[in-house]
Amino acid sequence: MLADSNSTSAPLAEIQNFTLFVSSWNVGGIAPPNDLNMEDLLDTRNNLADIYVLGFQEIVPLNAGNVIVPENTTICMKWNSLINTALNKIDFNNITLQEAEEEESVRVYPLKKGSSLKFNVENSTQFECIISKQMVGIFITVWARSPLLPYISHTSVSCVGCGIFGYLGNKGSVSVRFWLHETSFCFVCSHLASGGKEGDERQRNADASQILSRTRFSCDSFQYLPRKILQHDRVIWLGDLNYRIYLPEATTRSLVNDRQWSILLQNDQLKAELREGCIFNGWQEEDIEFAPTYKYYPDSDDYYGCSQNGKRGKSRAPAWCDRIIWFGKGLKQSQYNRGEFRLSDHRPVRAIFKAEVKVPSPLY
């Protein structure tokens, strides 16, 4: 809290609910086509949230050249442009790539107050980007309704690399935090260690532990600001967490074909971690009622390794690699499902939350 809640001089406050839309998508190193319609993922035709948080993994291929270059302005700008188009119904056909890159090249993230992402178009925007950050393949971008901007403060980012040598950014996290009125929010977008062999989950647990311990946000010498993830009021973790299913591949495929989600989830590695309360002690996840999000053939609804054109691919049992979990109180989830985009070998997941926010009461 910015002010001591026990102080007699602290202003009175009331609790208001704000709607959060949160999504995660591993796009497999594939650049989005210009005509990709993000409205289907954001579900803007049916509902509009107050704040949108979108996390991506593998926005660039995870090759040696990209791993040593943590940021790619062009690809980030392209994703932000598509999101902006969906949220604000702006036609970008008349905006050249050079103009977009010039706008992005002078932007420093996290965005300073009053310098949210805007384009030189006549349309008035409903949503603006308040913070956006990339580390190699991991990218997170946060958009808020324009009337909320005066009440958003203390934006900050923290990147943790857990990949090659334990520090490079091919795996790891990009976390963002901000205050809305008098409530602090933290969103962790991560890509944890891959691998479907027995014991590979231990490296994922180690990555998560490193993220929790090494993430540090900027501080202020004049007031208390939380620096670690779990010190914030509202905390959501999203990403390709890469947890698999503790069953033989043939059994997993058979249960997936029969849509036996409950049996599969009883053997889900992340569910086991949540139950055992070690690395993810106190974290929660809404019930999963959708098919595993990984691994698909490109531009197909067939899981990888299934018979396709008479060929069998390398073993990749279906799994719920892509997840959204939360920590603490003050969050109520009302939706948890997946999108049906065929761009990559993953399907995106999305969630809607009601978040309690402490808002100063008006003085009379």
Side-chain angles (χ1 to χ4, degrees), residues 22-28 55 57-58 62 162 171 173 188-209 211 236-281 283-298 300-308 312-326 333 335-342 344-351:
V22 181
S23 179
S24 177
W25 190 7
N26 184 322
V27 295
Q57 304 80 43
E58 297 190 46
L62 300 183
C162 299
K171 293 292 190 292
S173 67
V188 182
C189 178
S190 72
H191 192 184
L192 304 185
S194 60
K197 301 189 299 296
E198 183 177 353
D200 285 344
E201 71 277 7
R202 289 193 290 270
Q203 185 57 53
R204 292 187 269 279
N205 293 343
D207 287 353
S209 179
I211 289 166
I236 297 176
W237 193 320
L238 56 141
D240 179 358
L241 306 190
N242 251 323
Y243 285 98
R244 310 303 170 91
I245 296 170
Y246 287 121
L247 288 172
E249 180 181 346
T251 304
T252 298
R253 291 187 184 277
S254 176
L255 291 169
V256 169
N257 288 337
D258 293 338
R259 301 181 66 83
Q260 296 292 323
W261 308 147
S262 60
I263 299 175
L264 287 162
L265 288 165
Q266 290 172 15
N267 296 276
D268 177 82
Q269 292 176 350
L270 180 58
K271 290 294 188 186
E273 294 299 328
L274 293 169
R275 286 193 301 269
E276 293 168 7
C278 295
I279 301 301
F280 292 104
N281 183 35
W283 290 84
Q284 302 178 65
E285 183 181 33
E286 186 58 78
D287 292 339
I288 292 177
E289 298 178 350
F290 51 86
T293 56
Y294 173 85
K295 172 180 172 75
Y296 287 90
Y297 283 106
S300 169
D301 290 326
D302 294 330
Y303 285 107
Y304 199 76
C306 296
S307 177
Q308 191 177 78
R312 180 175 176 82
K314 186 178 179 181
S315 175
R316 288 288 190 278
W320 285 280
C321 290
D322 310 277
R323 310 289 275 268
I324 300 171
I325 60 178
W326 80 95
Q333 189 169 347
Q335 178 179 308
Y336 194 23
N337 57 31
R338 61 176 238 174
E340 298 304 326
F341 288 81
R342 294 178 172 181
S344 73
D345 53 357
H346 289 250
R347 296 295 188 264
V349 292
R350 57 193 177 186

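As the structure is a computational prediction, the values presented were derived from the model and not from experiment. Quick note: residue numbers are just sequence positions, from 1. Note: hydrogens, waters and symmetry copies are ignored here, and every other heavy atom, side chains too, is used.
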* Taking it one step at a time, do Tyr304 and Tyr297 satisfy side-chain hydrogen bond (donor to acceptor under 3.5 Å, both in side chains)? -> CA-CA 5 Å; Tyr304 199 76; Tyr297 283 106; over 6 Å; no
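- Between Trp25 and Phe341, the ring planes are tilted. Angles from 30° to 60° get that label.
- The shortest non-hydrogen separation linking Leu238 to Ser23 is CD1-O, 3.3 Å.
- Side-chain atoms of Asp268 come within 3.5 Å of backbone atoms of Leu270 as a donor-acceptor pair (strictly under, hydrogens ignored).
- Ser344 places a side-chain N or O within donor-acceptor distance of the main-chain N or O of Asn26, the cut-off being under 3.5 Å.
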Using a 3.5 Å cut-off and no angle test, enumerate the donor-acceptor pairs between side-chain atoms of residues 195-204 and protein atoms at least two apart in sequence or in another chain.
residue : atom : partner : partner atom : Å
Asp200  : OD2  : Gly196  : N            : 3.3
Asp200  : OD2  : Lys197  : N            : 2.8
Glu201  : OE1  : Gly199  : N            : 3.1
Glu201  : OE2  : Tyr246  : OH           : 3.3
Gln203  : NE2  : Asp207  : OD1          : 3.0
Arg204  : NE   : Asn242  : O            : 3.1
Arg204  : NH1  : Ala193  : O            : 3.1
Arg204  : NH1  : Ser194  : O            : 3.4
Arg204  : NH1  : Gly195  : O            : 2.9
Arg204  : NH1  : Asn242  : O            : 3.3
Arg204  : NH2  : Gly195  : O            : 3.1
Arg204  : NH2  : Gln269  : OE1          : 3.0

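- Annotation: cation-pi geometry not satisfied between Arg342 and Tyr296 (NZ/CZ under 6.0 angstrom from ring centroid, within 45° of ring axis).
- Ring-plane geometry between Phe280 and Tyr243 is classed as perpendicular, the angle between the planes exceeding 60 degrees on a 0 to 90 degree scale with a lower cut at 30.
- Under a 3.5 Å cut-off, the side chain of Arg338 and the backbone N or O of Pro292 do form a donor-acceptor pair.
- Here the CG-CG distance, from Leu255 to Leu264, works out to 4.5 Å after rounding to the nearest 0.5 Å.
- Across all non-hydrogen atoms, the minimal contact from Lys271 to Glu286 is NZ-O, 3.7 Å.
- Pairing each heavy atom of Leu192 with each of Ala208, the nearest pair is CD2-N, 4.3 Å.
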